[in-house]
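Within every chain, numbering begins at 1; the chains are lettered A, B, ... in the order of the sequence lines, protein sequences first and strands thereafter.
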2 protein chains.
Amino acid sequence: MAVVSRYTLALHILSWLAFRAEKKDEFLPSDRIANSVNTSPVFLRRILGQLAKAGLVLVQHGGTGAGWKLARKAEEISLLDVYEAVVPTPLFELHHSQPNPKCLVGKGIQPALRDIYEESEVAMKQRLAGTSIAELVTSSLAYGSAQAEPGFEH
Amino acid sequence: MAVVSRYTLALHILSWLAFRAEKKDEFLPSDRIANSVNTSPVFLRRILGQLAKAGLVLVQHGGTGAGWKLARKAEEISLLDVYEAVVPTPLFELHHSQPNPKCLVGKGIQPALRDIYEESEVAMKQRLAGTSIAELVTSSLAYGSAQAEPGFEH
DNA sequence: ATCAATGTAACTGAAATAGTTATATTCAAA
DNA sequence: TTTGAATATAACTATTTCAGTTACATTGAT
């Protein structure tokens with residue numbers, strides 16, 4: 001295990017909102033999203049809250065048309081934007097208990113690793129930055145449309 | 001949290017063995033390693049066992065000179081070799097509960113994500129492949145030697 | 001005023017991780 | 001062949017994280 005599945009759920013949420021936005025510009029409630037993602041609406045709202053803080057979605061609190069929608073076009077949201085919004089911690093963990101500072105290796109290994117870990121994380125993020133939610137939707141539909149069951153109301 | 005700290009410990013173990021190997025070619029016991037890493041010898045042996053399976057270290061089971069040493073030169077062990085040895089799972093997690101297959105997005109998003117996740121993981125690994133244990137030792141010593149306490153017996 | 005929605009605190013259950021304890025096994029060397 | 005310094009491994013504990021649920025207060029368009 002590594003990068004939390006919460007990130008996958010965030011991408012699913014945004015893809016679904018983008019897919020819906022192509023048909024109609026409206027706020028959509030969390031339990032409609034939960035129907036596609038197959039997860040609790042409360043859990044999704046926690047993720048949606050993080051996405052809202054990062055400026056990726058807009059929220060309508062009360063009233064009949066309450067819910068969520070994309071804050072900007074799906075072409076302008078990269079998978080890295082979403083990563084930064086929901087994954088706050090660095091990719092690699094250092095030691096839990098500090099290494100022995102009396103040992104030359106133990107003394108210097110943490111800053112040495114920090115450099116390498118940082119660069120590896122950047123390499124991963126650059127790949128994420130190269131794809132948008134719009135492209136993810138296109139790709140998902142290409143994979144899914146072949147055998148999707150017809151007549152399903154979103 | 002993300003990539004387990006076990007990976008950091010594995011890199012520390014190998015760096016320490018490489019550092020020691022420069023002075024003398026011998027098997028070194030896990031509690032000597034534990035003195036630098038500052039962790040339980042039993043836990044370290046679990047990691048050392050994984051490294052041995054991957055062919056990165058050699059083990060001497062019984063007798064007076066029992067312990068561990070590098071199976072090949074530190075220049076020929078990359079940080080990616082170590083990653084593959086101790087991190088068995090993919091970097092990104094997909095959904096825990098399957099998305100709704102009746103939804104076009106839910107149907108296709110997993111294979112779409114698999115492609116992108118795979119490429120992101122490869123990008124990260126390529127950076128790890130570019131550094132060897134020998135280089136990590138050199139870098140650690142550069143960071144550590146400035147203020148390390150003198151007179152420490154490894 | 002209604003009520004369909006969100007916001008959030010508090011909880012549960014499951015899993016992973018780090019680390020420990022105890023015991024059996026290995027094998028070089030005396 | 002006995003010794004003993006080491007590893008191998010099972011079983012256990014404590015901590016944390018994560019996903020997901022329940023319950024309730026709040027919001028605000030109509």
Side-chain angles (χ1 to χ4, degrees), chain A residues 1-13 17 26-53 57-69 71 86-99, chain B residues 1-13 17 26-35 37-53 57-69 71 86-100:
Chain A
M1 179 174 26
V3 171
V4 286
S5 79
R6 188 169 61 243
Y7 178 53
T8 291
L9 298 184
L11 292 177
H12 192 151
I13 289 169
L17 287 176
E26 60 184 340
F27 289 94
L28 291 157
S30 58
D31 55 345
R32 298 284 296 284
I33 309 174
N35 188 35
S36 172
V37 181
N38 190 21
T39 306
S40 137
V42 178
F43 187 41
L44 291 189
R45 282 204 295 275
R46 276 214 285 263
I47 298 171
L48 280 158
Q50 295 182 284
L51 298 176
K53 258 183 203 153
V57 298
L58 299 173
V59 58
Q60 179 79 264
H61 280 112
T64 313
W68 311 80
K69 70 176 180 183
V86 303
V87 182
T89 54
L91 184 57
F92 293 88
E93 275 188 78
L94 290 177
H95 306 66
H96 284 195
S97 43
Q98 290 304 303
Chain B
M1 181 172 28
V3 171
V4 287
S5 78
R6 189 167 64 244
Y7 178 52
T8 290
L9 298 184
L11 292 176
H12 191 152
I13 289 169
L17 288 176
E26 60 185 340
F27 289 94
L28 290 156
S30 58
D31 53 346
R32 297 284 294 284
I33 309 173
N35 188 35
V37 181
N38 190 22
T39 306
S40 139
V42 178
F43 187 41
L44 290 189
R45 281 204 295 276
R46 275 213 287 263
I47 298 171
L48 280 158
Q50 294 181 286
L51 298 176
K53 258 183 202 152
V57 297
L58 300 174
V59 59
Q60 178 79 263
H61 279 112
T64 313
W68 310 82
K69 68 176 180 185
V86 302
V87 182
T89 55
L91 184 58
F92 293 88
E93 275 187 78
L94 290 177
H95 307 66
H96 285 195
S97 42
Q98 290 305 301
N100 190 339

Colleague: If you go through the side-chain atoms of B:Arg6, does one of them form a donor-acceptor pair with the base of C:dG19 closer than 3.5 Å?
Modeller: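 No, no donor-acceptor pair under 3.5 Å.
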Colleague: Nearest-Å distance, CD1 (A:Ile13) to C1' (C:dT6)?
Modeller: 14 Å
Colleague: What's the spacing between A:Ser30 OG and A:Leu44 CG if we round to 0.5 Å?
Modeller: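 Those atoms lie 7.0 Å apart.
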Colleague: Would you find a donor on one side and an acceptor on the other, under 3.5 Å apart, between the side chain of B:Asn100 and the backbone of A:Asn38?
Modeller: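 Side chain of B:Asn100 to backbone of A:Asn38: no pair is present.
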Colleague: Reckon B:Thr39 has a side-chain N or O less than 4.0 Å from the OP1 or OP2 of C:dA18?
Modeller: no
Colleague: Any heavy-atom pair between the side chains of A:Leu28 and A:Trp68 that's under 4.5 Å?
Modeller: no
Colleague: Using whole Å, report how far CD of A:Gln50 lies from P of D:dC18.
Modeller: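 Taking CD of A:Gln50 and P of D:dC18, I get 11 Å after rounding.
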Colleague: Using a cut-off of strictly less than 4.0 Å, decide whether B:Gln60 has a side-chain nitrogen or oxygen near OP1 or OP2 of C:dT26.
Modeller: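 The answer is no; no side-chain N or O of B:Gln60 sits under 4.0 Å from OP1 or OP2.
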Colleague: Of the nucleotides D:dT7, C:dT20, C:dT6, which one has an atom closest to the side chain of B:Arg45?
Modeller: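 Of the candidates, D:dT7 comes closest.
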Colleague: To the nearest 0.5 Å, how far apart are NE2 in B:His61 and CZ in B:Phe27?
Modeller: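 Here the interatomic distance stands at 10.5 Å.
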Colleague: Which of the following nucleotides, D:dG20, C:dT21, C:dA18, is nearest to the side chain of B:Val42?
Modeller: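 Of the options given, the side chain of B:Val42 lies nearest C:dT21.
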Colleague: Whole Å only: how far is the CZ atom of B:Arg46 from the P atom of D:dA11?
Modeller: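 From B:Arg46 CZ to D:dA11 P: 13 Å.
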Colleague: Over 60° means perpendicular and under 30° means parallel, so tell me whether A:His95 and B:His12 are parallel, tilted or perpendicular.
Modeller: perpendicular
Colleague: Report yes if at least one side-chain N or O of A:Ser40 is closer than 4.0 Å to OP1 or OP2 of D:dT21; otherwise report no.
Modeller: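 Answer is yes, contact under 4.0 Å.
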Colleague: Rounded off to whole Å, could you give me the CZ-to-C1' distance for the A:Phe27 and D:dT30 pair?
Modeller: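 Taking atom C1' of D:dT30 as the reference, CZ of A:Phe27 is at 16 Å.
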Colleague: Tell me which nucleotide among D:dA10, D:dT7, C:dT6 gets nearest to the side chain of B:His61.
Modeller: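 The closest nucleotide is D:dT7.
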Colleague: Rounded to the nearest angstrom, tell me the gap between atom NE2 in B:His96 and atom P in D:dG20.
Modeller: 7 Å
Colleague: Measure from CD1 on B:Ile47 to C1' on C:dG19 and round the result to the nearest Å.
Modeller: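 Computing the B:Ile47:CD1 to C:dG19:C1' distance gives 11 Å.
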Colleague: On DNA chain C, check which nucleotide each of A:Leu28 and B:Asn38 is closest to and give me the residue with the more 5' one.
Modeller: A:Leu28
Colleague: Which is more 5' along DNA chain D, the nucleotide nearest B:Ser97 or the one nearest B:Ser30? Just name the residue.
Modeller: B:Ser30
Colleague: Given 3.5 Å as the limit, does a donor-acceptor pair link the side chain of A:Ser40 with the main chain of A:Phe43, or not?
Modeller: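 Looks like yes, one N/O pair under 3.5 Å.
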Colleague: In this structure, how many angstroms lie between the P atom of C:dT6 and the CG atom of A:Leu44, rounded?
Modeller: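 Interatomic distance, CG of A:Leu44 to P of C:dT6: 10 Å.
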Colleague: Between B:Val57 and B:Ile13, is there a side-chain heavy-atom distance shorter than 4.5 Å?
Modeller: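 Not touching, per the 4.5 Å side-chain cut-off.
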Colleague: Does any non-hydrogen side-chain atom of B:Leu91 lie less than 4.5 Å from one of A:Leu91?
Modeller: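 Yes. Closest side-chain heavy atoms under 4.5 Å.
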Colleague: Want to know the stems of DNA chain D: at least 3 consecutive Watson-Crick or G-U pairs with distances under 3.5 Å, which are they?
Modeller: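 So the stems come out as C:1-30 with D:1-30.
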Colleague: Among C:dA5, D:dT9, D:dA19, which nucleotide has an atom closest to any side-chain atom of A:Val4?
Modeller: D:dA19
Colleague: Can you identify which nucleotide, out of C:dA18, D:dG20, C:dT20, has its nearest atom closest to the A:Leu9 side chain?
Modeller: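 Per side-chain heavy atoms of A:Leu9, the pick is D:dG20.
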Colleague: Round to a whole Å and report the spacing from CH2 of A:Trp68 to P of C:dT6.
Modeller: 7 Å
Colleague: Find which nucleotide of DNA chain D each of A:Gly65 and A:Pro41 is nearest to by heavy atoms, and output the residue with the more 5' nucleotide.
Modeller: A:Pro41
Colleague: With a 4.0 Å cutoff (strictly under), does any side-chain N or O of A:Thr64 reach OP1 or OP2 of D:dA29?
Modeller: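 So the side-chain polar atoms of A:Thr64 never come under 4.0 Å of the phosphate oxygens OP1 or OP2 of D:dA29.
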